[in-house]
K.L.:
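Pasting a structure below so you can have a look.
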Amino acid sequence: MKTDFLIIGSGIAGLRAAIELSKHGKVLIVSKDKSFESSSSYAQGGIAVVIADDDSTQQHVDDTLNAGAGLCNKKAVEVLVKDGPSQVQQLITWGVRFDRDNGEFLVGLEGAHSRRRILHFKDSTGSEIVRILRKKALESRNIKKLSKQFVIDLVIRENICTGAIMLDEDSGKVYRISAKAVIITTGGAGQLYHRTTNPSGATGDGIAAAYRAGAVLSDMEFVQFHPTTFALPGVSSFLITEALRGEGAILRNSEKKRFMQNYHSLAELAPRDELSRAIIKEIKKSSTDHVLLDATHINPSLLKERFPATYNSCLRHNVDITKEMIPVSPAAHFMIGGIKTDTWGRTTIDGFFAAGEVAFTGVHGANRLASNSLLEGLVFGARTGIAMAEYAGSVNIIDIPLHKAGLRGIKVNNKSERVSHSTSHSTSKINSIRENLKKVMWNNAGIIRTGASLEEAGKIIDMLTQEISNHGLTRKELELANMLHAGGLIVSSAIKRQESVGAHYREDFPEWSGKKRHIRIQKSKMSPPY
Ligand code: SIN
């Protein structure tokens, strides 16, 4: 298959890039899930943008830098904040709805923001933005979308990306897509952890493929945990938006006592890393596995009107948030590190771009400011589209012989390029390795880590990887291989960062060194594919 631009992933960054690229050539969006499912659609709180009269670009930049705990790339932060208002205005022109009162936008408050600046559509902002971007993208004759297509690997020759090797999930066939430029926008890797807010597809596929291709990754040790996710035994954790705390909800421990004021001057609106650690400490002191989020003092009509998704999700599990406190505990939420890019989405490989959660521009530093992630996808998705179009202007589509593409032992018939593959491992074995990985990442490479816990995690991941060596080319097996791969990268980066800063907390090195440094990783040409 051939296209001018290949977009891998269909969240806000991928869709926004696609709309930009459709002005310049044929665009193919591939996603592994049937619908347009992505973490973007799950984002509840909103999109942070300077819009209120009492706000300023400088204020939003400063809040982002402060939350980032000294590790942000200031230039990337300035791009994000300055491009934000015009990109959001464009969304409104295309039809995105944000809540208003008498025609005026309602702006919410979230943790570590010094001003109200979160535009929202009730508590379903992400899905509202994705709805319109998808509509806009599919209106274009230049954009095609294929679902249930899994990216096995990128095709690279002499540090130039010329396409990707794909698995068609339904037929089990493997084939190649050639393109002038390729962008990965596959989001994060929350599924590596026992508790997560991320959808089931967040298995680190983009990170793993980029690493195997030889791209530089940065700061993989920074995984952001969302402090308040629903916590009842037997129920998969789901997000309880930070905006609820912005409207006054309070955290209480097992004795129903408010505790956050003992940990941080901003109390419930402290940065997420501080909240998550405080909650874990309170849980450890008690005999329960959660703390309580109390919204019962907030006007019930406001709760139902502003947070209908949260209200209904909790009610499904017999918690009426207008009358009862919500059991909450932290869960893996956002991958701060990722594929290193400049502020135009350019990676260290020509023709290969990345944007959104999967990318590392340095915009989040050591800890992402709430509701900056939808803005990141939007701003850097659009900019990367511009950069890809410019790059493609100077290249042709190249079909290189596949045996030269450095593929990891995949049997692809060079004539037809379509060979069916079957599974090598039973579903129960795959599921059991996946569960073991999620537990070890949670226990050993989670909110609080030590050198010893990380070393142990590394050994277990190596063992689990051995167990599925020679795996088949099915989605489940490829996903698991990517998860193990991404897990290993998080652990090895966390071992290297012998200090505590932002979302990376090492009990054996509890202080920050004060030095702004990044942990970069790149596959050596000699190392095996896994
Ligand atoms: C939330 O609504 O709390 C999540 C939004 C975000 O992660 O920025």
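Counting convention: from 1, in listed order, for ligands and their atoms alike.
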K.L.:
Report yes or no: does Glu110 contribute a side-chain atom to a donor-acceptor pair with the main-chain N or O of Glu242 at less than 3.5 Å?
P.N.:
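No; zero donor-acceptor contacts below 3.5 Å.
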K.L.:
Where the side chain of Gln44 meets the backbone of Leu239, is there a donor-acceptor pair that is under 3.5 Å apart?
P.N.:
yes
K.L.:
State, yes or no, whether a side-chain contact exists between Leu454 and Arg506 at a heavy-atom distance under 4.5 Å.
P.N.:
yes
K.L.:
If you measure every N/O of His226 against every N/O of ligand 1, is any gap under 3.5 Å?
P.N.:
yes
K.L.:
Quick check: does Ala370 get an N/O under 3.5 Å from an N/O on ligand 1?
P.N.:
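Between Ala370 and ligand 1, no N or O pair is found under 3.5 Å apart.
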K.L.:
Which of these, Gln44, Arg272, Glu376, has its nearest heavy atom closest to atom 4 (C) of ligand 1?
P.N.:
Arg272
K.L.:
If you count the atoms of ligand 1 from 1 in the order shown, which ones are under 4.0 Å from a heavy atom of Glu242?
P.N.:
1 (C), 2 (O), 3 (O)
K.L.:
List the closest protein heavy-atom neighbour of atom 2 (O) of ligand 1: residue, atom name, distance to the nearest 0.1 Å.
P.N.:
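Closest protein heavy atom to atom 2 (O) of ligand 1: Thr241 OG1, 2.6 Å.
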K.L.:
Please write down residue, atom name and distance for the protein heavy atom closest to atom 8 (O) of ligand 1.
P.N.:
Ser371 N, 2.6 Å
K.L.:
For ligand 1, indicate whether the residue Thr228 contacts it via side chain, backbone, both or neither (heavy-atom separation under 4.0 Å).
P.N.:
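For Thr228, no heavy atom sits under 4.0 Å from ligand 1.
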K.L.:
Below 4.0 angstrom from a heavy atom of Gly45, which ligand 1 atoms are there? Numbered from 1 as shown, please.
P.N.:
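Within the 4.0 Å cut-off of Gly45, ligand 1 contributes 1 (C), 2 (O).
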K.L.:
Does any N or O of ligand 1 fall below 3.5 Å from an N or O anywhere on Arg368, backbone included?
P.N.:
yes
K.L.:
Quick one about Glu507 and Thr450 (side-chain donor to acceptor, distance below 3.5 Å, no hydrogens or angles considered), yes or no?
P.N.:
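The answer is no; no qualifying pair exists.
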K.L.:
Among all the protein's non-hydrogen atoms, which is closest to atom 7 (O) of ligand 1, and how far away is it?
P.N.:
His333 NE2, 2.6 Å
K.L.:
Has the side chain of His504 got a donor or acceptor atom that lies under 3.5 Å from a matching backbone atom of Arg497?
P.N.:
yes
K.L.:
Is there side-chain contact between Leu369 and Asn372, with at least one heavy-atom pair below 4.5 Å?
P.N.:
yes
K.L.:
Under 30°, 30 to 60°, or over 60°: which ring-plane class applies to Trp442 and Phe225, parallel, tilted or perpendicular?
P.N.:
perpendicular
